Amino acid sequence: MDSPHGAAVKAEDFGLKGPRGWVFRNIAIDAAPGSITAVEGPSGSGRTCLLLALTGRMKPTEGHAEVGGHRLPKKMAAVRRIAALGPVSGVNDLDQALTVAEQLREGALLQRRYEGPIRALLQPRGERRASAAARIEEALAVAGLDLATLPKGPRTFVRDLERLESVRLSVAIALLGEPRLLALDDLDLKLSDAERAEAWSLLRAIAARGTTVLAVCSEAPQDIPVVRTGTPDAKPATTPETSTKPDVTSDAKPDSEPDTEPDTAQDTDTAPETNTNTKPNTKGTDDALAEARRA
């Protein structure tokens, strides 16, 4: 597995609106290749939808973004080819009924079938298996998941993994496709302080290999640039030494065009922008995630 060249991620006045209001709005990002950017904000403020929009899985309705030279929303399919999702609850959940080995084999199979070169499908079966095994082994090493330390080794069921082990497994599966951009949701959910430190060390190691990383979290380390959802104004993510942590708004909106061709924008009727409360309106975010899951 070669170290990928990371994708620069830039966004200006980026927003997503749906039938019941804004999911997020006024997002500005300027992330260099091989960097890490954290996304902070209250639950329901559009953090997950922002990740999905920046990885080409959800169509924005305001402003624009560019990922690896591909402009959104016109080049969603091209962005999907270079961006991978780590754990995103409700979108690409691990199958709790599978063993870790089965989940990895399934990930490798899907990656080869839908994202790998056509010539890979023409390889003899033995070569395909050896190639998949090598890619899985390297992805596990990068993700820091040692199968020998699991209760039943590779036969351990996914449902029996600790939270950090699940994160590492999801990351390993995402890395099988050698993405230029890796996006993770709720990175520090249900992790102890020590485990959070391990999770951020993992992301730093991935970024050091060249992959650009976007991670939703409750609180990022001091050295990680931050974009915030759920606030009125957004500013570009820059290194913490040179600026304050950027802000950004939210409220409600999805788009359901998560597929291939340069997308022509679809008009959606929307409720008036009303969200000045401190308590976020999550209806639009829920709608957006439902659309992404159906896609």
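Numbering of residues begins at 1 and proceeds along the displayed sequence. Keep in mind the model is a prediction, meaning the values are calculated, not measured.
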Original post:
When rounded to the nearest 0.5 angstrom, what distance separates CZ in Arg168 from CG in Leu140?
Top reply: 11.0 Å
Original post:
Under a 4.5 Å side-chain heavy-atom rule over Ile, Leu, Val, Met, Phe, Trp and Tyr, are Val216 and Val91 clustered together?
Top reply: yes
**OP:** Look up atom CZ in Phe14 and atom CG in Leu54, then write down how far apart they are to the nearest 0.5 Å.
**Re:** 5.0 Å
Original post:
Can you tell if the side chain of Leu161 reaches within under 4.5 Å of the side chain of Thr156, non-hydrogen atoms only?
Top reply: yes
Subject >> Atom pair CG (Leu187) and CD (Glu219), whose distance is rounded to the nearest 0.5 Å >> reply: 12.5 Å
**OP:** Verify side-chain contact (heavy atoms from CB on, under 4.5 Å) between Val100 and Lys152, making sure each step is shown before the conclusion.
**Re:** CA-CA 10 Å; Val100 172; Lys152 295 182 180 178; over 6 Å; no
Subject >> Joint cluster assignment, Leu203 & Val142, ILVMFWY side-chain distance < 4.5 Å >> reply: yes
**OP:** Begin with the C-alpha distance, continue with both residues' side-chain angles, and end with the deciding distance and a verdict on side-chain contact (heavy atoms from CB on, under 4.5 Å) for Arg204 and Asp223.
**Re:** CA-CA 11 Å; Arg204 289 187 179 94; Asp223 62 324; 2.8 Å; yes
Original post:
Between Ser166 and Lys190, is a side-chain contact (heavy atoms from CB on, under 4.5 Å) present by the stated rule, with each step listed?
Top reply: CA-CA 12 Å; Ser166 293; Lys190 298 181 180 179; over 6 Å; no
**OP:** Give the cluster check for Leu94 versus Leu150: same hydrophobic cluster or not, with ILVMFWY residues linked at side-chain heavy-atom distances below 4.5 Å.
**Re:** yes
**OP:** Only counting residues at least two apart or in another chain, list the ones meeting side-chain hydrogen bond (donor to acceptor under 3.5 Å, both in side chains) with Glu12.
**Re:** none
Original post:
Roughly how far, to the nearest 0.5 Å, is CD of Glu178 from CZ of Arg209?
Top reply: 8.0 Å
Subject >> Interatomic spacing from CG in Leu16 to OG1 in Thr229 - rounded to 0.5 Å >> reply: 12.0 Å
Subject >> Point-to-point distance, once rounded to the nearest 0.5 Å, from CG of Asp186 to OG of Ser43 >> reply: 8.0 Å
**OP:** Under the side chain to side chain contact (heavy atoms under 4.5 Å, CB included) rule, collect the residues that match up with Thr55, sequence neighbours excluded.
**Re:** Arg57, Ala83, Leu85, Leu181, Ala183
Subject >> Shared hydrophobic cluster, Leu147 / Leu169 (ILVMFWY, side-chain heavy atoms < 4.5 Å) >> reply: yes
**OP:** State, to 0.1 Å, how close Thr149 and Asp146 come at their nearest heavy-atom pair, and which atoms those are.
**Re:** OG1-O, 2.7 Å
